[in-house]
There are 2 protein chains.
Amino acid sequence: MRIGELSEATGTSRRLLRYYEEQGLIAPRRDRNGYREYDQANVDRVAQIRGLLAAGVPTRIIRRILPCLDNPRDIHLPDAPPEVLSALEDERDRMTRRVECLTRNRDAITDYLDTVCTRASVNG
Amino acid sequence: MRIGELSEATGTSRRLLRYYEEQGLIAPRRDRNGYREYDQANVDRVAQIRGLLAAGVPTRIIRRILPCLDNPRDIHLPDAPPEVLSALEDERDRMTRRVECLTRNRDAITDYLDTVCTRASVNG
DNA sequence: GTTGACCTTCACATCAATGTGAGCGCTCGA
DNA sequence: TCGAGCGCTCACATTGATGTGAAGGTCAAC
């Protein structure tokens, strides 16, 4: 599929799809005329990228973690140098902290909404 | 405490502390000479803000959710208009999606690291 | 009373993620 | 064969979160 179709399928502007490519997050083949050629797997990958971006993970980190996620059974970096591994560990820990922070705050919002709702139904 | 001390205590630049204030996220008292005066509660609040920012929540949303979190037992917006409540619900749902995305990817990284580690100990 | 370490505001700079548009090349259907 | 609609690159604009620095006020210590 070409960029317009992927854009439709992912709800992502063409501009951004090209940007992700520039950032090394996706690598479409090129058609003879220079057009980008995507396949179905790219739809999932773009969703992945956008989820991570929305969760505050910057592209330079996404670039690092994506290779580990395609095919969890495969080793994509069999000779990954220790500093890459420890960078991954750091990022994993950062993600854990984010999850905790988001969860805590989300639960507080939920409590708040529950309280407001309860009181509204009692008082109103 | 003044801005320098809060900066120390939170590991946040003075510039950013002023920025958060400008964004309506904290509201320090002013001393007679114009200096900002903070108290201990601001340390937690700044940590909260930074956690949310790191998790991809923009300041305009943080501004909205902070009032619900100070004192979960209190109703801070007893007359919150329905559109604020539904905005909060939306944000809660967005946070849930972020948590899911982060968790999924973090677990994949963990699996990856485990696999690399296992193989290293088998092969090496 | 001057020095130094704070504080203030204001303003311009940067970086990442995006938008927007110009100028041009394919390609397909009328 | 021409125009619409897609693609390409290049480049400048914007927004949000930050850095940095200038010009100046406050205050404590010496």
Side-chain angles (χ1 to χ4, degrees), chain A residues 1-39 42 45-66 91 94-95 97-98 101-102 105, chain B residues 1-39 42 45-66 91 94-95 97-98 101-102 105:
Chain A
M1 88 183 76
R2 288 184 302 186
I3 199 168
E5 197 175 343
L6 183 62
S7 172
E8 281 288 309
T10 60
T12 304
S13 72
R14 293 145 215 248
R15 172 68 175 88
L16 272 190
L17 294 174
R18 298 192 186 104
Y19 174 70
Y20 298 155
E21 176 180 353
E22 185 187 312
Q23 295 301 305
L25 307 184
I26 41 183
R29 302 275 155 232
R30 291 302 181 117
D31 207 349
R32 191 161 302 101
N33 51 17
Y35 290 10
R36 292 166 175 83
E37 265 300 310
Y38 302 91
D39 57 22
N42 284 316
R45 168 161 289 224
V46 169
Q48 187 86 336
I49 292 168
R50 292 183 67 76
L52 287 169
L53 280 175
V57 183
T59 56
R60 73 171 188 288
I61 303 293
I62 300 179
R63 181 170 37 241
R64 273 204 161 145
I65 67 186
L66 277 184
E91 193 54 32
R94 253 190 298 280
M95 291 167 85
R97 284 197 295 277
R98 277 172 210 193
C101 176
L102 281 169
N105 284 286
Chain B
M1 91 183 78
R2 289 185 300 190
I3 199 169
E5 198 176 343
L6 184 62
S7 172
E8 281 287 311
T10 60
T12 305
S13 72
R14 293 144 214 248
R15 172 69 175 87
L16 273 189
L17 294 174
R18 298 192 186 104
Y19 175 69
Y20 298 156
E21 177 180 354
E22 184 187 313
Q23 296 301 305
L25 308 184
I26 41 183
R29 303 273 156 234
R30 291 303 182 114
D31 208 347
R32 191 162 302 102
N33 50 19
Y35 290 11
R36 292 167 175 83
E37 265 300 310
Y38 302 91
D39 57 22
N42 285 316
R45 169 162 288 226
V46 169
Q48 187 86 338
I49 292 168
R50 292 185 65 76
L52 288 168
L53 280 175
V57 183
T59 55
R60 74 172 188 288
I61 302 293
I62 299 178
R63 179 169 39 243
R64 273 202 159 147
I65 67 185
L66 277 185
E91 193 54 32
R94 253 190 298 279
M95 290 167 85
R97 284 197 295 277
R98 277 172 210 192
C101 177
L102 281 169
N105 284 286

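Everything quoted here is computed from the prediction, not taken from an experiment. In what follows, chains are A, B, ... by sequence order, proteins preceding strands, each numbered from 1.
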Between [atom1] on residue [X] and [atom2] on residue [Y], distance to nearest 0.5 Å:
{"X": "A/Ile65", "Y": "A/Arg63", "atom1": "CD1", "atom2": "CZ", "result": "11.5 Å"}
{"X": "A/Arg45", "Y": "A/Ile62", "atom1": "CZ", "atom2": "CD1", "result": "10.5 Å"}
{"X": "A/Ile61", "Y": "A/Glu91", "atom1": "CD1", "atom2": "CD", "result": "4.5 Å"}

Report task. Can you see which heavy atom on A/Leu102 is nearest to which on B/Met95, and at what distance? Result -> O-CE, 3.6 Å

Query raised in the report: How close do B/Cys101 and A/Gly51 get, heavy atom to heavy atom, and via which atoms?
Result: SG-C, 3.4 Å

Requested in this report: Dump the intermediate steps for side chain to side chain contact (heavy atoms under 4.5 Å, CB included) on A/Ile49 and A/Ile26, then the final yes or no.
Outcome: CA-CA 9 Å; A/Ile49 292 168; A/Ile26 41 183; 4.1 Å; yes

Query raised in the report: Is the backbone of B/Tyr38 close enough, under 3.5 Å, to the side chain of B/Asn42 for a donor and an acceptor to pair up by distance?
Result: no

Query raised in the report: Can you check whether A/Gly56's main-chain N or O pairs, donor with acceptor, with A/Arg98's side chain at less than 3.5 Å?
Result: yes

Listed partners of [X] passing side chain to side chain contact (heavy atoms under 4.5 Å, CB included), at least two apart:
{"X": "A/Glu5", "value": "A/Met1"}
{"X": "A/Arg30", "value": "A/Glu21, A/Arg36"}
{"X": "B/Thr12", "value": "B/Thr10, B/Leu16, B/Leu17, B/Tyr20, B/Val46, B/Arg50"}

Report task. Starting from the C-alpha separation in whole Å, work towards a yes-or-no answer on side chain to side chain contact (heavy atoms under 4.5 Å, CB included) for B/Arg14 and B/Arg18. Result -> CA-CA 6 Å; B/Arg14 293 144 214 248; B/Arg18 298 192 186 104; 3.9 Å; yes

Query raised in the report: Quick one: how far along DNA chain D does chain B reach, first to last nucleotide 5' to 3', anything under 4.0 Å to a heavy atom?
Result: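 Extent of the interface on DNA chain D: D/dG16 to D/dC27.
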
Contact under 4.0 Å: [X] side-chain N or O vs [N] OP1/OP2:
{"X": "B/Asn33", "N": "C/dC7", "result": "no"}
{"X": "B/Arg36", "N": "C/dT8", "result": "yes"}
{"X": "A/Arg60", "N": "C/dA17", "result": "no"}

Requested in this report: Between B/Tyr35 and B/Leu53, just flag the one whose closest nucleotide in DNA chain D comes earlier from the 5' side.
Outcome: B/Leu53

Report task. Could you check which residues of residues 2-16 of chain A get a heavy atom under 4.0 Å from DNA chain D? Sort them by number, please. Result -> A/Arg2, A/Ile3, A/Gly4, A/Arg14, A/Arg15

Strictly under 3.5 Å: I want the nitrogen or oxygen pairs between protein and nucleotides 2-4 of chain C, one per line.
none

Query raised in the report: Who are the side-chain hydrogen bond (donor to acceptor under 3.5 Å, both in side chains) partners of B/Asp31, not counting sequence neighbours?
Result: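 Per chain and number, B/Asp31 pairs via side-chain hydrogen bond (donor to acceptor under 3.5 Å, both in side chains) with no residue.
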
**Report entry** Rounded distance in Å - CE (B/Met1) to P (C/dC6)
**Finding:**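 For the pair B/Met1 CE and C/dC6 P, the rounded distance is 16 Å.
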
Query - Residues in contact with DNA chain C, drawn from residues 18-25 of chain A - heavy-atom cutoff 4.0 Å - result: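 Heavy-atom cutoff 4.0 Å gives A/Tyr19, A/Tyr20.
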
**Report entry** Sugar-phosphate, base or nothing in reach of B/Arg30, heavy atoms under 4.0 Å
**Finding:**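 Result for B/Arg30 = sugar-phosphate.
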
